[in-house]
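Down below is the structure, laid out as structure tokens.
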Amino acid sequence: MPVTTQDIIAGDVFFEIISPQDLEYTYRLRPAKDFGASFNQKLEGVPLVLADPPEACQPLRNGREMHGSIALMDRGECSFLTKTLHAEAAGAIGAIITEYNSKSPEFELYIEMIHDKTNRDTKIPAGFLLGKNGMIIRSTLLRLKRFHALINIPVNLTFTPPSKINHPPWLGW
């Protein structure tokens with residue numbers, strides 16, 4: 001049986017980077033399992049901003065850049081919900097968390113982001129990005145001396161054949 005786009009999607013969300021050109025691919029996210037909103041509002045040309053500090057376990061220092069953007073944060077040090085709440089407090093409209101440690105056993109896996117069982121919640125959506133994608137996005141933006149990429153999220157791939165999805169060349173689906 002050939003692999004269908006529905007087999008690939010399986011509840012995940014996709015976004016595309018539209019700038020800078022070095023990163024213009026379609027990326028896959030695993031939405032947070034039991035906290036936050038869904039990525040159901042179509043956002044076009046929204047900035048994907050590198051969080052400062054990257055692990056986002058304390059209030060973000062780059063709130064001005066974060067306002068109206070999607071935050072890109074590193075996994076670790078605190079809960080997924082804490083990171084998302086810090087992004088939301090800085091004005092972000094969404095959060096993407098990625099494994100940045102290439103030595104981690106989870107570097108090439110999609111992590112199920114779950115609630116930390118505290119009495120808190122967020123109103124913004126959050127998703128987990130594959131570590132290699134996160135590392136390449138971050139390193140490319142830093143190399144280009146850019147603090148953000150521009151993205152469209154979510155991207156509907158329902159009727160796109162798998163062979164036509166513009167996935168990053170460093171990954172295989």
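Hydrogens, waters and symmetry mates are skipped; everything else that's a heavy atom, side chains included, is used. Predicted, not measured: the structure shown is a model, and the values here were computed from it.
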Which atom of S69 lies closest to which atom of P47, heavy atoms considered: CB-O, 3.3 Å
Which residues share a salt bridge (charged side-chain N to carboxylate O under 4.0 Å, His left out) with R146, sequence neighbours left out: none
Closest contact, heavy atoms only, G68 versus I93: O-CD1, 3.5 Å
Main-chain N/O of F107 paired to N101 side chain as donor or acceptor, under 3.5 Å: no
Atom CZ of R143 with >12 non-hydrogen neighbours under 6.0 angstrom: yes
Sequence-distant partners of F39, ring-ring contact (aromatic ring centres under 6.0 Å, His included), two or more places apart: none
Any donor-acceptor pair under 3.5 Å from N152 side chain to G45 backbone: yes
Shared-cluster residues of M113, by chain and number - hydrophobic side chains joined below 4.5 Å: F35, M73, F80, L81, L85, I97, I111, F128
Interatomic distance, I151 atom CD1 to E24 atom CD [nearest 0.5 angstrom]: 13.5 Å
Joint cluster assignment, M135 & I96, ILVMFWY side-chain distance < 4.5 Å: no
Partners meeting salt bridge (charged side-chain N to carboxylate O under 4.0 Å, His left out) with D121 (sequence neighbours left out): none
Those residues that, when tested against K42, pass salt bridge (charged side-chain N to carboxylate O under 4.0 Å, His left out) (two or more places apart): E44
Rounded distance (nearest 0.5 Å) linking atom OG1 of T26 with atom CG of N133: 11.0 Å
Considering all heavy atoms, the nearest I136-S139 contact: O-OG, 3.3 Å
Exam field: side chain T98 to backbone L129, donor-acceptor pair closer than 3.5 Å: yes
Cation over ring face, R75 and Y100, 6.0 Å, 45°: no
ILVMFWY network linking Y110 to I114, side-chain heavy atoms under 4.5 angstrom: no
Heavy-atom pair with the smallest gap, counting every atom of P53 and P59: CD-O, 4.0 Å
Qualifying disulfide bond (SG atoms under 2.5 Å apart) pairs, either residue in residues 28-133, two or more places apart: C57-C78
Nonpolar side-chain network containing L144, other nodes, edges under 4.5 Å: none
With E77 via salt bridge (charged side-chain N to carboxylate O under 4.0 Å, His left out) - residues at least two apart: none
Side chain proximity check, I137 to Y27, heavy atoms < 4.5 angstrom: yes
Q58 atom CD: more than 12 heavy-atom contacts under 6.0 Å: yes
Residue pairs, two or more places apart or on separate chains, that pass disulfide bond (SG atoms under 2.5 Å apart) and touch residues 86-145: none
Hydrophobic cluster identity match, I124 and I70, side-chain contacts under 4.5 Å: no
Other residues, nucleotides, ligands: >12 heavy atoms within 6.0 Å of E108 CD: no
For H148 against L141, the heavy-atom pair lying closest together: O-CD2, 3.4 Å
H167 vs P162 side-chain heavy atoms within contact, under 4.5 Å: no
Backbone of R28 reached by a side-chain donor or acceptor of D12 within 3.5 Å: no
I17 vs Y25 side-chain heavy atoms within contact, under 4.5 Å: no
Single-linkage hydrophobic cluster, 4.5 Å side-chain cutoff, V46 and F147 together: no
Side chain to side chain donor-acceptor pair (under 3.5 Å): pairs with one or both residues in residues 78-96, sequence neighbours excluded: S79-T82, S79-D116, T82-R120, E88-T122
Other cluster members, M66 - Ile/Leu/Val/Met/Phe/Trp/Tyr, side-chain contacts below 4.5 Å: V49, L60
Contact summary for L50 and N62, nearest pair of heavy atoms: O-ND2, 2.8 Å
Fellow cluster residues of I18, listed by chain then number, with links counted only when side-chain atoms sit under 4.5 Å apart: L150
Step-by-step side-chain contact (heavy atoms from CB on, under 4.5 Å) determination, T118 to H115: CA-CA 8 Å; T118 59; H115 198 286; 4.1 Å; yes
